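Comments concern the structure below.
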Amino acid sequence: MKRQRKRQRADMFRATLSYLKRILGDKSFYICLLLIFAICFTASADYDFDKNQSLSVWDLIIDTQRIYTGDISFSACVVSGLKGGSWLNMFLPLLLPLCFVNALCDDKSSGFTRYEVIRTGYRRLKSAKYVSAVLASGICSLIGYCLYVLVVLIRFPHIGSYDAESLSYVLTGIQMSLFDSVGIAGVYLVNMLDMFIYGIVMSLFSLIVTAYTENKYLICCIPFMVAYCLTQLGSWLIGLAVQDPGNTDEVLLTIGNTASPLAANGIVSGASGVTLVCYYGVLILISFAVYVFFGKGGADKGA
């Protein structure tokens with residue numbers, strides 16, 4: 001009995017690697033990656049009061065005079081910490097399903113899953129699909145962001161050229177602690193970990209939809225609408241919490257910040273990390289349960 005369970009766990013691990021390789025070998029994964037990389041440059045990095053318009057990272061790359069003014073907000077560390085801004089927050093739930101939807105949905109309709117079910121077990125195979133999709137989403141976000149950071153490091157000034165007082169202004173909490181212990185590399189690692197987890201969190205809604213339909217259009221669009229609605233809900237709750245500046249409702253403010261998917265962009269580096277970890281931990285468990293235990297099984301259950 002123990003030997004059989006051990007073999008089934010090994011089969012599940014192999015199935016996870018197999019699906020992950022299938023996802024990483026799909027051209028849609030790289031299309032999604034490049035789109036994330038491009039959208040990162042649309043983050044708002046400055047404001048031109050003369051023209052009364054916001055300037056993106058791409059605008060600063062073109063306008064070199066603004067970068068080298070001694071302002072630490074134009075350093076590579078700060079610019080890379082923008083993590084794509086509002087546009088990436090909006091479109092990430094729409095983009096991430098592209099990297100795994102072909103592997104999961106085409107596999108459902110192929111009929112070959114039946115043989116994998118016999119070897120691995122239905123629940124273990126579903127778990128392997130879930131884990132591979134979640135990991136692929138995190139990897140896609142991470143690589144796209146890393147390419148963006150590489151360009152920023154080449155184009156923007158290094159943070160080491162600024163004084164200590166300026167550093168304490170832009171680095172707070174865990175970032176400052178890591179900077180004091182391991183240097184600027186620690187700050188970049190925290191940002192990368194943020195993006196990896198952000199990609200995982202933004203894929204959860206898609207996996208819930210995937211559990212009930214193979215329609216790729218719905219799998220991409222429904223999570224986009226859900227994320228948008230949650231963002232608006234969070235903004236509304238935050239507005240209610242701070243409408244009286246002298247009497248801020250901290251509970252309502254925390255709920256608003258947690259409900260919005262925007263908060264997932266700073267799970268590691270954010271000040272309310274524990275609250276976010278608990279919230280998204282529960283969300284991961286719910287999405288896993290829906291996908292593995294309550295989703296549409298179809299013919300894949302048969303042996």
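Please read all numbers here as calculations on a predicted model, not as lab measurements.
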Item to check | No-hydrogen, no-angle side-chain donor-acceptor test under 3.5 Å, S44 and S54 | outcome: yes
Any side-chain heavy atom of L204 within less than 4.5 Å of one from F288?
no
Those residues at least two apart in sequence (or on a different chain) that pass ring pair (Phe, Tyr, Trp, His ring centres under 6.0 Å) with Y188 are none
Residue pairs meeting ring pair (Phe, Tyr, Trp, His ring centres under 6.0 Å), one or both in residues 25-46, sequence neighbours left out, come to F37-F41, F41-Y148
* Will you find, in the side chains of S127 and Y291, an N or O donor that is under 3.5 Å from an N or O acceptor? -> no
Can you find a pair of side-chain heavy atoms, one from L135 and one from F196, that are under 4.5 Å apart?
-> yes
Checklist line | Check: K129 main-chain N/O paired with S132 side-chain donor or acceptor under 3.5 Å | finding: yes
With heavy-atom distances below 4.5 Å as the criterion, would you say the side chains of L147 and L33 are in contact?
yes
- Message: Closer than 3.5 angstrom, by distance alone: can the side chain of S18 be matched with the main-chain N or O of R14 as a donor-acceptor pair?
- Response: no
Step by step, would you call L104 with L207 a side chain to side chain contact (heavy atoms under 4.5 Å, CB included)? CA-CA 10 Å; L104 268 59; L207 287 166; 4.0 Å; yes
Those residues at least two apart in sequence (or on a different chain) that pass side-chain contact (heavy atoms from CB on, under 4.5 Å) with F224 are M90, F91, L94
Would L285 and V209 show up in the same hydrophobic cluster when neighbours are defined by side-chain heavy atoms closer than 4.5 Å? no
Do any N or O atoms from the side chain of S28 and from the backbone of L98 form a donor-acceptor pair under 3.5 angstrom? yes
Worksheet item: Quick one: are F100 and S206 in side-chain contact, heavy atoms under 4.5 Å?
Response: yes
Tightest non-hydrogen contact, residues K83 and L88, listed as O-CD2, 3.4 Å
Just by distance, with hydrogens left out, do N89 and S86 show a side-chain donor and acceptor under 3.5 Å apart?
no
Counting only heavy atoms not in Y228 (residues, nucleotides, ligands), do more than 12 fall under 6.0 Å from its OH?
no
- Task: Check for a donor-acceptor pair, side chain of T213 on one end and backbone N or O of T210 on the other, with a separation under 3.5 Å.
- Result: no
Closest non-hydrogen contact found for G84 with A43 is C-CB, 3.5 Å
Could you tell me if D194 and Y145 have a donor-acceptor pair between their side chains, going purely by distance under 3.5 Å? no
